[in-house]
Number of protein chains: 2
Amino acid sequence: MTKLTDVARAAGVSIATVSRVLNNPGSVNAATQQKVEQAIRSLNYRPSRVAQRLRSKGGNSKIIGLVLPDIQNPFYVDVIRGVEEAMYEQGYAAIMCNFAQNEDKERLYLDILQSESIDGLIVAPVHGRDQKVVNLVLSGLPIICIDRGLTGVDVDVVLVDNHQGAFDAVSHLIKLGHRRIAFISGLPQIPTSKARLGGYEAAFREHGLAIDESYIKYGDSKHESGLRLSAELLDLPTPPTALFTGNNLITLGALETIHRRGVKIPEEIALVGFDDMYWSISLNPPLTAVRQPGFEMGHRAAELLFQRIKDPGRPTVKVVFDAALQVRSSCGAATAALKDN
Amino acid sequence: MTKLTDVARAAGVSIATVSRVLNNPGSVNAATQQKVEQAIRSLNYRPSRVAQRLRSKGGNSKIIGLVLPDIQNPFYVDVIRGVEEAMYEQGYAAIMCNFAQNEDKERLYLDILQSESIDGLIVAPVHGRDQKVVNLVLSGLPIICIDRGLTGVDVDVVLVDNHQGAFDAVSHLIKLGHRRIAFISGLPQIPTSKARLGGYEAAFREHGLAIDESYIKYGDSKHESGLRLSAELLDLPTPPTALFTGNNLITLGALETIHRRGVKIPEEIALVGFDDMYWSISLNPPLTAVRQPGFEMGHRAAELLFQRIKDPGRPTVKVVFDAALQVRSSCGAATAALKDN
DNA sequence: TAATGGCATGAAAACGTTTTCAAGAGGTAA
DNA sequence: TTACCTCTTGAAAACGTTTTCATGCCATTA
């Protein structure tokens, strides 16, 4: 790798001058600048980002961390794409870490990121009082929380209105005449699970209905829990007539169980999922789902992070996106809804 | 951040000794070792990976690059998971870059990775003679190519037998009696597209059938080309009776078009896709597809990379995984296949 | 006792940048 | 002429490690 010294020698100047040409063009004599730029080009010089990071700690190393719970979940893939697009525009790179809902793994990755001297961090904390993340916030590292907030500390947050999304989904089922509506939740300690459960309950209250706890199941936000818990629900003496699933992996698991058992959707059971996918329309049947704008959320989070890196003192903001119910044919009114799409 | 100096002062030794305790335990007096370890713990010291990288170039910075064409493609998500699991076991971290089939973006990311002084690289080159990657290989950086090889240079490769996978898929359709079998290919310059086209053609030859070029369409390996090119195929005067799609995003696009038009699968058109997904069974209808073991491939690629980092001189290897046809109900024999699942 | 060798440790250089400080050149005003 | 700016540049320190080399001490051997 060619380095500053090589360029300096080639151009007949000192390394300080080369550095100035790179970082502060205009602060140097025009003729010298020419010579140096020529040398940089002909040697195909690229500065070592490692040395840059070591020397000038904080704020201009152009690398950030992105720490997410589950890369297998298409929602987070959308978030990644949004973050990545914004970063590409600014010449940043991300160290991407998938901690698979495992707090130990999250901790390890956060340690690594810290010792990589990142400029900032976008993270979906493993739960609401994630001490490791809280400490990082307090240490002054620019941080944006995405999808999930953090209690007890002032931090920027980008998320979706999970309560309202769940409320709309369950209300939709209630309006279709359903009363035995089951809910398969993700991990109960995750803030989004709590909010979605809250929306579910609020919809029942709103319509003056009582909640039957036996229709609420708690899983781990993965495919397998959808598979298993939907089976448990179908095995109840009086099984539910409708099912609301807490995220897209649970939805796919439930769908698989329902199909394997030959249960008809929506005739025998209606299904609404949290999280839409662009191929939800190709599922059997086309899935009614609550859409989270993952790409936009990721993009917005990255923008907020850049702002905070530039101006660490700016007041924190909380950005809440709407969750929109996409009505397709998996819960009654089948033919009518299909035409809309 | 606490640093080596702080630990040294607390333990009453020099920084060299602390470094030795960290990297070469046993090379130091037992009592001193105790003192130093105590100081490290009480100060919660973690070495700066940036300084480590700067100091000792090559081989022990514990960070690698992972450069893939499309994170939206579930196959690559599986690859990422496989790589990530292997790396986690070894205490490595990855800088993940998604170049979205864009050669400029790939080049930028490779530049960034190089100037991050990574220990090694796992990459799916944008095409077979990707000069940037070739140069990196020649420069001696440990590199594993995944999913796609590189012509004209000796490099480790992990991929799937695309030719055989496509051959099996198309043979399956031929055996079911289909003759007008269309193929929607991904970007033609990508090695995998070429191999899959080769398998398609070989299946025709094998059965003594002629190929009708008008049934072969070239797209860009994304959802949109599946959407559009399947429409073109359905609009032909004599539309195909079967469709073989070149990757999973194309499959989903085609599926969407077919559904929107109300064309029945498999009665009016049979469908086989390259790339399986764990939720293929929940599609409408359950999809017959060629399965690539993405997770295993990623894991294996990471292992090969660790080997090469340790022993840069070892001979290169080419690991070829089998592509297995998963028969479901999207191409005839519908009810029989469903029972198997 | 003197010389030799091994062991534990510390001082200092190096990695490739950025940035501060000083200094030389050239011009202008008193 | 002297003093004082301004403009441009270079020397050197600093970032936090790893590693080489030197040093001092103690034990062993002649």
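Chain identifiers are assigned alphabetically (A, B, ...) following the order of the sequence lines, protein sequences preceding nucleic acid strands; residue numbering begins at 1 within each chain. All figures in this text were calculated on a predicted structure; none of them were measured in a lab.
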Original post:
Hey, are A:Asn23 and A:Ser19 close enough side-chain-wise for a donor-acceptor pair under 3.5 Å?
Top reply: yes

Original post:
Does the side chain of A:Asp147 come under 3.5 Å of the side chain of A:Tyr76 through a donor N or O and an acceptor N or O?
Top reply: yes

Original post:
Quick one: is B:Asn29 getting a side-chain N or O under 4.0 Å of the C:dA8 phosphate, OP1 or OP2?
Top reply: no

Sort me out a list of protein N/O and nucleotides 14-16 of chain C N/O pairs below 3.5 Å, or just none if empty.
residue, atom, partner, partner atom, Å
C:dA14, N3, B:Arg55, NH1, 3.0
C:dC15, O2, B:Arg55, N, 3.4
C:dG16, OP2, A:Lys3, NZ, 2.8

Subject >> Interatomic spacing from CE in A:Met96 to CG in A:Leu113 - rounded to 0.5 Å >> reply: 10.5 Å

**OP:** Would you jot down, in residue-number order, the residues of residues 10-21 of chain A having a non-hydrogen atom under 4.0 Å from DNA chain C?
**Re:** A:Ile15, A:Ala16, A:Ser19, A:Arg20

**OP:** Might you confirm whether atom CZ of A:Arg81 has over 12 heavy atoms from other residues, nucleotides or ligands at distances under 6.0 Å?
**Re:** yes

Original post:
Side chains of B:Thr316 and B:Asp156: donor-acceptor distance under 3.5 Å anywhere?
Top reply: no

Subject >> Axial cation check for B:Tyr45 ring with B:Lys3, 6.0 Å and 45° limits >> reply: no

Original post:
Which residues, if any, of residues 34-44 of chain B bring a heavy atom under 4.0 Å of DNA chain C?
Top reply: none

Original post:
What is the distance, rounded to the nearest whole Å, between atom CG of B:Leu22 and atom P of D:dT18?
Top reply: 6 Å

**OP:** For the residue pair B:Gln33 and B:Glu37, confirm or rule out a side-chain donor-acceptor distance under 3.5 Å.
**Re:** yes

**OP:** Considering only NZ, NE, NH1 and NH2 on the basic side and carboxylate oxygens on the acidic side, decide whether B:Glu103 and B:Lys132 come within less than 4.0 Å.
**Re:** no

Original post:
Side chains of A:Arg314 and A:Gln307: do they bring a donor and an acceptor to under 3.5 Å?
Top reply: yes

Original post:
How close or far is atom P of D:dT18 from atom CZ of B:Arg53, stated in whole angstroms?
Top reply: 13 Å

**OP:** Decide whether A:Ser61 and A:Asp119 meet the rule of one side-chain donor and one side-chain acceptor closer than 3.5 Å.
**Re:** yes

